[in-house]
Amino acid sequence: MKRLSGKTAIITGSVRGIGKGIAEKFSESGANIVIVDILQEEIDKTVSQLKVSNPNVIGIKCDITQENDVENLVEKTMGQFQSIDILVNNAGITRDKLLIRMTLADWEDVIKVNLTGTFLCTQKVSKIMMKQRKGKILNIASVVGIMGNAGQSNYSASKGGIIAFTKSVAKELAPRNINVNAIAPGFIKTEMTDRLPDEVKENYLKSIPFRNFGDTQDVAELALFLCSEESDYITGQTIVIDGGMI
Ligand code: NAP
C-alpha cells in the first residue's frame with residue numbers, strides 16, 4: 001500500500017515550483033490531489049500531466065486571499081472526495097524592496113497572500129478536519145522567517161508569522177488529532193528564485209555549506225514525511241531544509 005493511499009490532499013500554488021513538486025510526490029504516493037492556483041490554464045495543464053498516472057486529480061481555481069474562493073475550494077473538494085486529510089499551504093509571493101522604498105501595496109500584497117491566505121485555508125479546512133478528528137496541515141515558511149533578510153522585510157514578516165501561526169494552531173488542533181507543522185526552505189531552484197540577479201544567487205551559494213541549491217524534490221520528500229503517518233507524533237514544528245545555510 002502506498003503511503004498516502006486513500007488520502008485527499010489540497011496543495012495551494014501547485015502549478016509550478018515547490019507546490020507542483022509536492023503535488024507530484026503526493027500523487028505518486030497514492031493521494032487524491034487537488035491542484036489549486038489562480039490561473040485556470042496552468043491548472044488544466046498540471047491536472048492533465050498528473051492524470052496520466054493518477055485518475056484522482058482535480059483542479060480548482062482559487063485565490064487564497066478571497067474567503068469565498070476558499071469556501072468554494074473546500075466545498076468542491078468535499079463534493080468530489082468526501083474528506084480532506086492534508087492541506088499544504090504553499091502559495092506565496094515576493095515583492096522585494098528595501099524598507100525605505102517599500103510601498104504599502106508591496107507590504108500588504110505579501111502579507112495578504114502569504115499570511116492571510118494561509119489563515120483562510122487553514123481555518124476553512126480545519127473545520128472539516130476537526131469533524132473528521134484527523135488531519136495534517138503543512139505550511140511552507142522560509143528560512144528568512146527565522147533569520148531575516150535585507151530587502152525582504154515584508155516577506156520575512158509573513159514567513160515569521162507563518163511559523164508563529166503554526167505553533168499556535170498546532171496547540172489548538174492537537175486535541176482533535178490534527179498535526180500542524182511548517183517547512184522552512186532555504187534556496188530552492190524555482191521560478192521564484194530564477195528571477196533573482198546572478199550576483200544575489202552567487203552570494204547565496206557561498207553561504208550554503210553544501211555549495212548547491214535545493215530542488216523541489218528535496219522539499220517534497222520532507223513534505224511527504226510530515227503529511228504521512230510516520231510523523232504522527234510531531235506537531236508545531238518548523239523543519240529547516242537549506243543545505244546547512246542557517
Ligand atoms: P513559485 O514558483 O512562484 O510558485 C508559487 C505559486 O503560488 C504559483 O503557482 C502562484 O500562482 C501561486 N499563487 C500566488 N498567489 C496565489 C494566490 N493568491 N492564490 C493561489 N495561488 C497563488 O514559488 P516557489 O518558489 O515554488 O515557492 C513556493 C512556496 O515556497 C512559497 O510560499 C515560497 O514563499 C516558499 N519558499 C520558496 C523558496 C525558494 O527558494 N523557492 C524558499 C523558501 C520558501 P501563479 O504563478 O499562477 O501566479
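Just so it is clear, the values below take in all heavy atoms, side chains as well, and ignore hydrogens, waters and symmetry mates. Because the structure is predicted, anything quoted here is derived from the model rather than measured. Ligands are counted one by one from 1 in listed order, and the atoms in each one are counted from 1 as well. Quick note: residue numbers are just sequence positions, from 1.
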**Message:** One residue to check: Thr12. Relative to ligand 1, which of side chain, backbone, both or neither has a non-hydrogen atom less than 4.0 Å away?
**Reply:** neither
**Fill in**
With sequence neighbours left out, the residues meeting salt bridge (charged side-chain N to carboxylate O under 4.0 Å, His left out) with Lys97 are Asp106
**Request:** Verify whether one side chain among Asn139 and Thr166 offers a donor that lies under 3.5 Å from an acceptor in the other.
**Result:** yes
**Prompt:** Have Asn89 and Thr122 got a donor and an acceptor in their side chains that come within less than 3.5 Å?
**Reply:** yes
**Message:** If we only consider heavy atoms of Tyr155, is any one of them less than 4.0 Å away from an atom in ligand 1?
**Reply:** yes
**Item:** Heavy-atom pair with the smallest gap, counting every atom of Leu50 and Ile35
**Value:** CD1-CD1, 3.8 Å
**Asked** Looking only at non-hydrogen atoms, which of Gly214, Ala141, Gly17 approaches atom 44 (C) of ligand 1 most closely?
**Response** Ala141
**Request:** Using distance alone, decide if ligand 1 has a nitrogen or oxygen within less than 3.5 Å of any nitrogen or oxygen in Val36.
**Result:** no
**Prompt:** What atoms in ligand 1 come closer than 4.0 Å to a heavy atom of Ile93?
**Reply:** 14 (C), 15 (N)
**Fill in**
Exactly one of Thr8, Asn54, Thr77 clears side chain to side chain donor-acceptor pair (under 3.5 Å) with Asn32, and that residue is Thr8
**Item:** Region of Ser14 that comes within reach of ligand 1 [heavy atoms, distance under 4.0 Å]
**Value:** neither
**Complete:** protein heavy-atom neighbour closest to atom 3 (O) of ligand 1 works out as Met192 CB, 3.8 Å
**Fill in**
Looking at Gly186, Gly13, Cys62, Cys121, the heavy atom closest to atom 20 (C) of ligand 1 belongs to Cys62
**Sub-4.0 Å heavy-atom contact, Asp63 with ligand 1** = yes
**Asked** Do any nitrogen or oxygen atoms of Ser142 lie less than 3.5 angstrom from nitrogen or oxygen atoms of ligand 1?
**Response** no
**Request:** Determine whether the side chains of Gln152 and Lys159 contain a donor N or O and an acceptor N or O closer than 3.5 Å.
**Result:** no
**Request:** Can you pull out the closest protein heavy atom to atom 22 (C) of ligand 1? Residue, atom name and distance to 0.1 Å, please.
**Result:** Ala91 CB, 3.6 Å
**Prompt:** Can you tell if the side chain of Glu67 reaches within under 4.5 Å of the side chain of Lys124, non-hydrogen atoms only?
**Reply:** yes
**Prompt:** For atom 19 (N) of ligand 1, which protein heavy atom lies nearest, and how many Å away is it?
**Reply:** Ile64 N, 3.1 Å
**Prompt:** Who gets closest to atom 32 (O) of ligand 1 by heavy atom: Val88, Ile140, Asn90?
**Reply:** Asn90
**Asked** Strictly under 4.0 Å, does any heavy atom of Arg16 approach an atom of ligand 1?
**Response** yes
**Prompt:** Taking atom 15 (N) of ligand 1 as the point of reference, which of Val110, Ile188, Val113 owns the nearest heavy atom?
**Reply:** Val113
**Proximity of Thr193 to ligand 1 by residue part, where a heavy atom lies under 4.0 Å** = side chain
**Item:** Nearest-neighbour protein heavy atom for atom 43 (C) of ligand 1, which is reported as residue plus atom name and distance
**Value:** Pro185 O, 3.4 Å
**Item:** atom 45 (P) of ligand 1 - nearest protein heavy atom and its distance
**Value:** Asp37 OD2, 3.3 Å
**Prompt:** Any N or O of Leu39 that comes nearer than 3.5 Å to an N or O of ligand 1?
**Reply:** no
**Request:** Please write down residue, atom name and distance for the protein heavy atom closest to atom 5 (C) of ligand 1.
**Result:** Gly92 O, 3.8 Å
**Request:** For atom 24 (P) of ligand 1, grab the closest protein heavy atom and report residue, atom and distance to one decimal in Å.
**Result:** Thr190 OG1, 3.6 Å
**Message:** Just to check, does Lys159 reach to within less than 4.0 Å of ligand 1 when the distance is taken from its heavy atoms?
**Reply:** yes
**Asked** Under 3.5 Å, is there a donor-acceptor pair between the side chain of Ser158 and the main chain of Tyr155?
**Response** yes
**Sidechain-backbone polar pair: Thr116 side chain, Val113 backbone, donor-acceptor under 3.5 Å** = no
**Prompt:** Can you find a pair of side-chain heavy atoms, one from Lys76 and one from Ile58, that are under 4.5 Å apart?
**Reply:** no
**Request:** On the 0 to 90° scale, with breaks at 30° and 60°, tag the Phe119-Phe165 ring pair as parallel, tilted or perpendicular.
**Result:** perpendicular
**salt bridge (charged side-chain N to carboxylate O under 4.0 Å, His left out) involving Asp69 - partner list, sequence neighbours excluded** = none
**Item:** Min side-chain heavy-atom separation Gln132-Asp85 under 4.5 Å
**Value:** yes
